[in-house]
Amino acid sequence: MARIFNFGAGPATMPLSVLEKARDQFVDFRGKGMALLEMSHRGKEYEEVHRQAMRLVAELLGLPGNYKVLFLGGGATLQFGMVPLNFLAPGRAADYTLTGSWAKKALADAGKVGKVNVVFDGTPDGFMSLPEPREVQTTPGAAYLHLTSNETIGGVQWPSFPDTGEVPLIVDMSSDFLSRRLPVERFGLIYAGAQKNLGPAGVTVVVLREDLLARCNPNLPAYLNYRNHWDGDSLYNTPPAFAVWMVALTLEWLRDLGGLEAAEKLADERAGMIYGVIDASGGFYRSPVKPACRSKMNVVFRLPGDDLEKRFLEEALKNGLNGLKGHRSVGGCRASLYNAMPVAGARALAELMMDFARRHG
Ligand SMILES: *Cc1c(COP(=O)(O)O)cnc(C)c1O
């Protein structure tokens, strides 16, 4: 099999060793004569997988004991609604930073639930920059501050986070979760769809701090209330068992790689190669994003003109470099360089970019 380098934004590339392990255990899980897909989520085998996945997220993040890791359905998109449904109580307002396409969706859903304040609006410069964390002023009495740590489409990433004091900080980390070390105690809630950086589609990881439970709206339908998932350790109802298993395998791979410190180093290395080529290209390649907030996960770049962009993407495909077309809403090119992208993939792309610029520059 000739495995390609998949630069797609999500669902995204996964570690080959994880896919192979899953393949080997797919039909006969741990010698039980049936597949995990066929097993009860209340049985011992699945229970072990589930606890292992919870434990590994906690271990990798260095989570204090007052946090729990939850595995939910509905994607990050359901969190856009669940966050305000639980925490945006009547008479309060929530603060939102508007930094790109994903933040916009989170804000729109919150606006349907209650009152929102936009404390940073990146619209005027086309979402090409982020504020300094200390410039983000929360509103006194705000229910929480929501931000999107990495804008997967626009390619901006918060290098560090605001200190929000008493106001809980709630962050959509779908596209950079577990790619770097974090000051975890600063966060009230983190959510991330698995299909970018930690496994397949179908499960969303939520990291929740215990004191937020007291604020959950008790009048929600059962699934929407975080408290039910907390109390049941994400076994309130049938969890997305197969996806959780794939996440567990990916987390083991990440731990063996050296955890978040190693992930951070590799992310710097991969992104450094691509931005390095962009910056050394004499304007042939252009990153639209302000340098201080360039994403290390999704490198967005343009070539001089649609025609060259089309030819570049065709050549990339011929060279086994897939998924480089920018999001349909912004065009251009985008290289997604998540944890599972081998450094060799970033190097192959950097080399093609240099060669292409030499021939067409
Ligand atoms: C992909 C993505 C989402 C949406 O995730 P779904 O699982 O499709 O709901 C939300 N936020 C960010 C930052 C994303 O990258």
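When a ligand or atom number is given, it counts from 1 through the structure's own listing order. Both backbone and side-chain heavy atoms feed into the values below; hydrogens, waters and symmetry mates do not.
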Item to check | Residue-ligand contact I153/ligand 1, heavy atom below 4.0 Å | outcome: no
Checklist outcome for this item: min-distance protein heavy atom vs atom 15 (O) of ligand 1 -> T152 OG1, 2.4 Å
Item to check | Aromatic ring pairing W102/F80, orientation class (parallel under 30°, perpendicular over 60°, tilted between) | outcome: tilted
Next on the checklist: Can a donor-acceptor pair be found, under 3.5 Å and without considering hydrogens, that links the side chain of E45 to the backbone of L36?
Outcome noted: no
Checklist entry - Can you list the other members of the hydrophobic cluster that holds V300, where links are side-chain heavy atoms under 4.5 angstrom apart? => result none
Checklist entry - Any idea which part of K196 is under 4.0 Å from ligand 1, heavy-atom wise: side chain, backbone, both or neither? => result side chain
Item to check | Atoms of ligand 1 close to G75 [distance to a heavy atom under 4.0 angstrom, numbered from 1] | outcome: 7 (O), 9 (O)
Next on the checklist: Under 3.5 Å, is there a donor on one side chain and an acceptor on the other for D172 and Q79?
Outcome noted: no
Checklist entry - Is it true that K265 and E261 have a side-chain N and a carboxylate O under 4.0 angstrom from each other? => result no
Checklist entry - So which bit of L78 gets within less than 4.0 Å of ligand 1, heavy atoms only: side chain, backbone, both or neither? => result neither
Item to check | Nearest neighbour in protein (non-hydrogen) for atom 11 (N) of ligand 1 | outcome: D172 OD2, 2.6 Å
Checklist entry - Going by an N to O cut-off under 4.0 Å, is there a salt bridge joining D233 and K68? => result yes
Checklist entry - Less than 3.5 Å between some nitrogen or oxygen of F80 and one of ligand 1, yes or no? => result no
Checklist entry - Mind checking whether E151 has a heavy atom under 4.0 Å from ligand 1? => result no
Checklist entry - So between A76, P11, G10, whose heavy atom ends up nearest atom 5 (O) of ligand 1? => result A76
Checklist entry - Is the shortest distance from a Lys or Arg side-chain nitrogen in E47 or R42 to a carboxylate oxygen in the other one below 4.0 Å? => result no
Checklist entry - Counting both backbone and side chain atoms, is some N or O of N150 under 3.5 Å from an N or O of ligand 1? => result no
Checklist entry - Are V343 and L178 joined in one hydrophobic group, where the rule is that I, L, V, M, F, W and Y side chains link up if heavy atoms are under 4.5 Å apart? => result yes
Checklist entry - Does T77, backbone or side chain, put an N or O under 3.5 Å from an N or O of ligand 1? => result yes
Checklist outcome for this item: Within 4.0 Å of some non-hydrogen atom of Q195, the atoms of ligand 1 are 5 (O), 6 (P), 7 (O), 8 (O)
Next on the checklist: Is the ring pair F161/W158 parallel, tilted or perpendicular, if the boundaries are 30 and 60 degrees?
Outcome noted: parallel
Next on the checklist: Could you tell me, atom by atom, which parts of ligand 1 come under 4.0 Å of a heavy atom of S175?
Outcome noted: 13 (C), 15 (O)
